[in-house]
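Along the sequence shown, residues carry numbers from 1. What's counted below: heavy atoms across the whole structure, side chains too, no hydrogens, waters or symmetry copies.
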Amino acid sequence: MRIGSGHDTHRLVEGRPLILGGVRIEHPRGLYGHSDADVVLHAITDALLGALALGDIGDRYPDTDPKFFQADSTIFLRESLGDVTQRGWSIANLDVTIFAQEPKLGPLKQQIRASIAGLLSVSVDQVSVKAKTGEKVGAIGRAEAIGCHATVLLQRAEMPTS
């Protein structure tokens, strides 16, 4: 077994789409970043890379590289998942906590969960998505930013029997 942890935070700004876990969410502000700034997929990518001691998302996809400008974060996630499977590992489970004062994510958690499961090719019951507010404390509590923490447990992939 291998465990990995990832975290990301981006600030909310006008004129950007809000994408969380691969789901586009109707909101007047979106997350600022070099890519699409999907904090959920960034945190999961970091967790996958961390579980295999392969560095972090900034090492792999630096914001100084123009080819990642406005990139879809599913690219980062899928490439990192490829590293997991190529090395003989599979996802046992994934636990995600999204920190956002707004928008209210309760009604969207199952949609985000299903999106993540689909992107990772795992069953929905292997993915947990929780949402927490900042209780009006700090940048998240003032609705200036959204953050995410992800923890993944990897297990050795089952070998096919002949």
Side-chain angles (χ1 to χ4, degrees), residues 2-87 89 91 94-105 108-109 111-122 127-134 136-152 154:
R2 304 285 297 258
I3 191 165
S5 175
H7 177 85
D8 197 26
T9 302
H10 285 268
R11 60 189 164 99
L12 284 160
V13 296
E14 300 286 334
R16 294 269 303 197
L18 178 59
I19 303 168
L20 297 173
V23 175
R24 190 176 181 127
I25 297 168
E26 286 300 318
H27 191 65
R29 296 180 295 154
L31 295 170
Y32 179 80
H34 187 69
S35 67
D36 64 8
D38 185 332
V39 294
V40 175
L41 296 189
H42 291 186
I44 297 169
T45 298
D46 263 349
L48 292 171
L49 293 172
L52 297 175
L54 296 175
D56 62 39
I57 195 169
D59 297 331
R60 284 274 183 92
Y61 311 102
D63 62 7
T64 55
D65 190 333
K67 75 179 176 182
F68 302 123
F69 181 65
Q70 296 185 348
D72 182 332
S73 294
T74 61
I75 295 166
F76 311 147
L77 183 71
R78 287 193 174 123
E79 287 182 5
S80 299
L81 179 61
D83 290 329
V84 168
T85 58
Q86 288 171 5
R87 286 169 172 74
W89 296 93
I91 295 172
L94 172 68
D95 185 34
V96 173
T97 306
I98 306 168
F99 300 92
Q101 191 68 36
E102 62 177 53
K104 294 298 181 199
L105 296 175
L108 300 167
K109 289 189 298 187
Q111 183 181 1
I112 294 169
R113 184 178 178 210
S115 173
I116 293 167
L119 290 168
L120 294 173
S121 300
V122 299
V127 177
S128 169
V129 172
K130 303 179 301 287
K132 303 292 179 191
T133 68
K136 305 208 185 278
V137 176
I140 291 171
R142 290 187 302 270
E144 297 169 359
I146 294 177
C148 183
H149 183 82
T151 303
V152 67
L154 302 182

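In this structure the side chain of Ile75 reaches within 4.5 angstrom of the side chain of Glu79, judged on heavy atoms. By the 4.5 Å heavy-atom criterion applied to side chains, Leu77 and Ile116 are not counted as neighbours. Side-chain contact between Ile98 and Ile146 is present, with heavy atoms from C-beta onward closer than 4.5 Å. Proximity of Ser35 to Tyr61: side-chain heavy atoms (C-beta onward) are nowhere separated by under 4.5 Å. At least one side-chain heavy atom of Leu31 sits less than 4.5 Å from a side-chain heavy atom of Leu20. Residues Leu119 and Leu81 have side chains not in contact (no heavy-atom distance under 4.5 Å, counting atoms from C-beta outward). For the pair Leu48 and Asp83, the minimum side-chain heavy-atom distance is 4.5 Å or more.
Residues that satisfy the side chain to side chain contact (heavy atoms under 4.5 Å, CB included) test with Arg142, not counting sequence neighbours, are Ala139, Glu144. Applying the side-chain hydrogen bond (donor to acceptor under 3.5 Å, both in side chains) test to Ser121 and every residue at least two apart in sequence or in another chain returns nothing. Scored by the side chain to side chain contact (heavy atoms under 4.5 Å, CB included) test, Asp36 finds Ile19, Asp38, His42, Asp72, Ser73 as partners (sequence neighbours excluded). By the side-chain hydrogen bond (donor to acceptor under 3.5 Å, both in side chains) test, Arg29 is found to be paired with Glu102, residues two or more places apart in sequence or in another chain being considered. When the side chain to side chain contact (heavy atoms under 4.5 Å, CB included) test is applied to Ile140, the partners found at least two apart in sequence or on another chain are Phe99, Ala145.
Minimum heavy-atom separation, Pro62 to Asp59: CD-O, 4.0 Å. Minimum interatomic distance between Arg60 and Ser80 (heavy atoms only, all atoms of both residues): NH1-OG, 4.1 Å. Among all heavy-atom pairs drawn from Gly21 and Ser115, the shortest one is O-OG, 2.6 Å. Closest approach of Leu105 and Ala100 over heavy atoms only: CD1-CB, 4.0 Å. Annotation for Ile25 and Pro103: closest pair CG2-CG, 4.1 Å, computed over non-hydrogen atoms.
Panel note: side chain Thr45, backbone Leu41; a donor-acceptor pair is recorded below 3.5 Å. His7 places a side-chain N or O within donor-acceptor distance of the main-chain N or O of Cys148, the cut-off being under 3.5 Å. With Asp46 contributing its side chain and Ile57 its backbone, the two residues share a donor-acceptor pair below 3.5 Å. Of the possible donor and acceptor atoms, one in the side chain of His149 sits under 3.5 Å from a partner among the backbone N and O of Gly6.
The stretch residues 22-41 participates, sequence neighbours left out, in these ring pair (Phe, Tyr, Trp, His ring centres under 6.0 Å) pairs: His34-Phe69.
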**OP:** Would you check, one step at a time, whether the test side-chain contact (heavy atoms from CB on, under 4.5 Å) holds for Ile3 with Leu154?
**Re:** CA-CA 6 Å; Ile3 191 165; Leu154 302 182; over 6 Å; no
**OP:** Check step by step if side-chain contact (heavy atoms from CB on, under 4.5 Å) holds for Val23 and Val40.
**Re:** CA-CA 10 Å; Val23 175; Val40 175; over 6 Å; no
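For Lys132, the NZ atom counts as loosely surrounded, since its 6.0 Å shell holds 12 or fewer non-hydrogen atoms of other residues, nucleotides or ligands.
To the nearest 0.5 Å, atoms CG (Leu49) and OG (Ser5) are separated by 12.5 Å. A distance of 11.0 Å separates CZ in Arg113 from NZ in Lys130, rounded to the nearest 0.5 Å.
With 3.5 Å as the limit, one finds no donor-acceptor pair spanning the side chains of Asp95 and Thr151.
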